[in-house]
A.B. asks: 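Quick one: the structure is below, questions incoming.
Every number for a ligand or one of its atoms is a count from 1 in the order of the listing. This is a predicted model, so every value here is computed, not measured.
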Amino acid sequence: MNSFNSPSFFAGQTVLVLGGDGFCGWPAALRFSSLAARVVILDNGARRETDRRLGVTSLTRIHSLQERVDAWRATGGGAIQTYDIDLAENYAGLRRVLLETRPDIIIHFAEQRSAPYSMMSPEGARHSVDNNIRATHNLLAALAETRLDPHLMHLGTIGVYGYATAGLKLPEGYLKVTAHGADGRAVDKEILYPGRPDSVYHMTKMLDQHLFEFYARYHGIRITDLHQGIVWGTQTAETGRDPRLVNRFDHDAIYGTVTNRFIVQALEGRPLTIYGSGSQTRGFIHIEDMLTCLTLAAATPTARGERVRILNQIAETSSINALARKVSRLTGAEVVHVDNPRCEPEGNEFEVDRGTFHDLGFVAHRFDEILGTEIAQLGDLLCPRGEGRRSSVA
Ligand SMILES: NC(=O)c1ccc[n+]([C@@H]2O[C@H](COP(=O)([O-])OP(=O)(O)OC[C@H]3O[C@@H](n4cnc5c(N)ncnc54)[C@H](O)[C@@H]3O)[C@@H](O)[C@H]2O)c1
């Protein structure tokens, strides 16, 4: 067992989880609580409200945040304090939470997180920018104003770089360049790797990066920006403890990821639908691995004055075809290609430098090792008595 996983590793530390009612934030709150941190959640319920407005829902039943927190306590977990505050709108409320809780670590998940949502209407695009940029900037401004010194960890995305052929291994945030001055002298520099987002959502994460660079340089804020891949999987060691703690499972067109879509299609005995050629390549990470990366990053904070640390948080890359083949092998599901409803490059190379987490000891779970177990667990979770389930996992 790694020492950061010892049950009291974060004892005495306060972890403020912004967006702690969401798919990634809830299991993260429970993981840090199980590692003895005092956990505080700030979430305004925006995601639940968006679900209601769009008529989409998690296939697993998500209890109210208060019921979830009470259930965690009832099953032996630590007390979790909650604040219903809009990070993008309520600067005074945020400032008060920071001063009351004085966090050692802040994990910032509180953003509109769907690329399709940001592209479906002008309102979706405007809301993504208004919410995400103001949320991140309010947080940074409040940290500068209060002069608190937590380690801020933000969930960004590897999609800030776009998915067009990169032609090189995507580095961890920075690119070494040589420019030539007027006198022809070569000047070596390291710059933020140029963003080239393919959606307004990804654009907000690119803009976040620049806010982080500024506030780290001018105000000494300690920041780790985690460029995460698509998170798949549902339950974690903690959310599986009680049905009231269960995590979200989204499979709709706005929030459902390709992994979830394939799994639901296979469980329902329907063909797996690949959008377009299927040679699009993406980065993936299982939710348990996301938690491991978060604890590793939290256990190795950056120092004041250090530039923003950017880490690629990805377990593996895979083409959509290869992923479909894996699900099909395990379930016997047929695979079909349909017209791609998305505007995205049809095929791309995608190589990512994952050196830092590797050096910190992270060993990723790969689809080949855990996809079968995950599908079986989901089948039981979504349909305990096998009702309506026409496929089984081989
Ligand atoms: N899920 C993924 O595959 C994935 C991949 C890469 C990066 N990320 C990033 O991780 C973060 C969390 O993603 P998720 O999948 O858990 O999303 P989610 O929608 O399930 O959770 C986000 C949470 O933040 C809250 N929130 C949003 N705006 C807020 C505001 N203004 N004030 C207070 N709370 C607010 C929502 O109510 C929700 O509970 C996002 O920033 C996302 O971009 C997610």
Side-chain angles (χ1 to χ4, degrees), residues 16-29 40-54 56-58 60 62 64-65 68 82-91 93-94 97 106-118 127-139 142 153-161 197 199-209 225-234 236 239 247-252 254-261 282-287 289-291 293-294 311-315:
L16 173 60
V17 184
L18 307 173
D21 188 36
F23 167 64
C24 299
W26 173 243
V40 179
I41 287 178
L42 181 153
D43 198 303
N44 68 342
R47 178 57 202 281
R48 291 173 186 258
E49 182 48 37
T50 309
D51 282 7
R52 274 190 287 276
R53 200 162 27 84
L54 298 178
V56 299
T57 184
S58 162
T60 48
I62 306 303
S64 73
L65 181 56
R68 291 174 124 185
T82 62
Y83 288 92
D84 178 353
I85 282 178
D86 187 329
L87 190 57
E89 298 286 343
N90 187 351
Y91 181 78
L94 166 65
V97 172
I106 298 178
I107 315 181
H108 175 22
F109 295 100
E111 296 186 87
Q112 189 301 105
R113 70 96 158 147
S114 160
Y117 178 90
S118 76
H127 172 71
S128 302
V129 171
D130 291 348
N131 187 65
N132 295 1
I133 301 306
R134 293 178 72 186
T136 297
H137 189 253
N138 277 350
L139 175 62
M153 306 201 309
H154 169 253
L155 277 292
T157 160
I158 197 74
V160 289
Y161 305 129
S199 76
V200 170
Y201 155 73
H202 290 102
M203 172 69 82
T204 66
K205 298 288 183 175
M206 195 194 91
L207 297 172
D208 280 346
Q209 286 196 125
D225 198 6
L226 299 160
H227 283 187
Q228 184 165 249
I230 298 167
V231 183
W232 69 284
T234 306
T236 65
T239 64
N247 202 9
R248 298 189 63 94
F249 183 89
D250 297 301
H251 77 301
D252 57 86
I254 305 290
Y255 292 104
T257 55
V258 60
T259 341
N260 286 8
R261 185 159 47 85
R282 299 289 182 264
F284 296 88
I285 184 164
H286 189 268
I287 192 147
D289 284 347
M290 176 198 79
L291 296 181
C293 289
L294 286 179
L311 306 180
N312 292 336
Q313 189 163 295
I314 278 178

A.B. asks: Are Tyr255 and Leu54 close enough that some pair of their side-chain heavy atoms sits under 4.5 Å apart?
C.D. replies: yes

A.B. asks: Could you list which atoms of ligand 1 come closer than 4.0 Å to a heavy atom of Ala88?
C.D. replies: 31 (N)

A.B. asks: Give yes or no for whether the N/O distance cutoff of 3.5 Å, strictly under, is met between Leu42 and ligand 1.
C.D. replies: no

A.B. asks: How close does the nearest protein non-hydrogen atom get to atom 21 (O) of ligand 1, and which residue and atom is it?
C.D. replies: Gly22 CA, 3.4 Å

A.B. asks: Looking only at protein heavy atoms, which one is nearest to atom 37 (O) of ligand 1, and what is the separation?
C.D. replies: Asp43 OD1, 2.7 Å

A.B. asks: Can you tell me the protein heavy atom closest to atom 32 (N) of ligand 1 and the distance?
C.D. replies: Leu87 N, 2.9 Å

A.B. asks: Which ligand 1 atoms does Gln228 reach within 4.0 Å, using its non-hydrogen atoms?
C.D. replies: 4 (C), 5 (C), 6 (C), 7 (C), 8 (N), 44 (C)

A.B. asks: What do you reckon, does Ile158 put a non-hydrogen atom under 4.0 Å from ligand 1?
C.D. replies: no

A.B. asks: Does Lys205, backbone or side chain, put an N or O under 3.5 Å from an N or O of ligand 1?
C.D. replies: yes

A.B. asks: At a 4.0 Å threshold, what atoms of ligand 1 neighbour a non-hydrogen atom of Gly19?
C.D. replies: 23 (C), 24 (O), 25 (C)

A.B. asks: What I'd like to find out is whether the side chain of Phe109 reaches to under 4.5 Å of the side chain of Asp43, using heavy atoms alone.
C.D. replies: no

A.B. asks: Quick one: does Tyr201 get an N or O within less than 3.5 Å of an N or O on ligand 1?
C.D. replies: yes

A.B. asks: Contact between ligand 1 and Gly45 is defined here as a heavy atom of the residue under 4.0 Å from a ligand atom; is it met?
C.D. replies: yes

A.B. asks: Below 3.5 Å, N or O to N or O, backbone or side chain included: is there any such pair between Tyr255 and ligand 1?
C.D. replies: no

A.B. asks: Which residue and atom name correspond to the protein heavy atom nearest atom 12 (C) of ligand 1, and how close is it?
C.D. replies: Phe109 O, 3.5 Å

A.B. asks: Any side-chain donor-acceptor pair under 3.5 Å between Thr239 and Asn247?
C.D. replies: no

A.B. asks: Among all protein heavy atoms in this structure, tell me which lies nearest to atom 15 (O) of ligand 1, with the distance rounded to 0.1 Å.
C.D. replies: Arg113 NE, 2.8 Å

A.B. asks: Among all protein heavy atoms in this structure, tell me which lies nearest to atom 33 (C) of ligand 1, with the distance rounded to 0.1 Å.
C.D. replies: Asn44 OD1, 3.2 Å

A.B. asks: Please indicate whether any nitrogen or oxygen in Arg47 is less than 3.5 Å from any nitrogen or oxygen in ligand 1.
C.D. replies: yes

A.B. asks: Regarding ligand 1, does Phe23 bring an N or O atom to under 3.5 Å of one of the ligand's N or O atoms?
C.D. replies: yes

A.B. asks: Just jot down the ligand 1 atoms closer than 4.0 angstrom to any heavy atom of Asp21, in number order.
C.D. replies: 39 (O)

A.B. asks: Could you check whether any side-chain N or O of Ser58 sits under 3.5 Å from a backbone N or O of Arg248, counting only pairs where one atom can act as donor and the other as acceptor?
C.D. replies: no

A.B. asks: Scan Arg113, Gln112, Glu111 and name whichever one has a side-chain hydrogen bond (donor to acceptor under 3.5 Å, both in side chains) with Ser128.
C.D. replies: Gln112

A.B. asks: Report, in ascending order of atom number, the atoms of ligand 1 lying under 4.0 Å from any heavy atom of Ile85.
C.D. replies: 32 (N), 33 (C)

A.B. asks: Counting from 1, what ligand 1 atoms have a heavy atom of Asp86 closer than 4.0 Å?
C.D. replies: 30 (C), 31 (N), 32 (N)

A.B. asks: Quick one: does Gly20 get within less than 4.0 Å of ligand 1, heavy atoms only?
C.D. replies: no

A.B. asks: Pull out every atom of ligand 1 sitting under 4.0 Å from any heavy atom of Gly156, numbered as shown with elements.
C.D. replies: 6 (C), 7 (C)

A.B. asks: Tell me which protein heavy atom sits closest to atom 5 (C) of ligand 1, plus the residue, atom name and distance to 0.1 Å.
C.D. replies: Gly229 O, 3.2 Å

A.B. asks: With respect to Ala46, determine whether any N or O atom, backbone or side chain, lies less than 3.5 Å from an N or O atom of ligand 1.
C.D. replies: yes

A.B. asks: Ser114 near ligand 1, heavy-atom distance under 4.0 Å?
C.D. replies: no

A.B. asks: Which protein non-hydrogen atom lies closest to atom 10 (O) of ligand 1, naming both residue and atom, and how far is it?
C.D. replies: Leu155 CB, 3.4 Å

A.B. asks: Given Asp225, which partner from the list His154, His108, Gln313, Lys205 fulfils the side-chain hydrogen bond (donor to acceptor under 3.5 Å, both in side chains) test?
C.D. replies: His154

A.B. asks: At a 4.0 Å cut-off, with the gap strictly under it, does some heavy atom of Asn131 reach an atom of ligand 1?
C.D. replies: yes

A.B. asks: Check whether any heavy atom of Trp232 sits under 4.0 Å from an atom of ligand 1.
C.D. replies: no

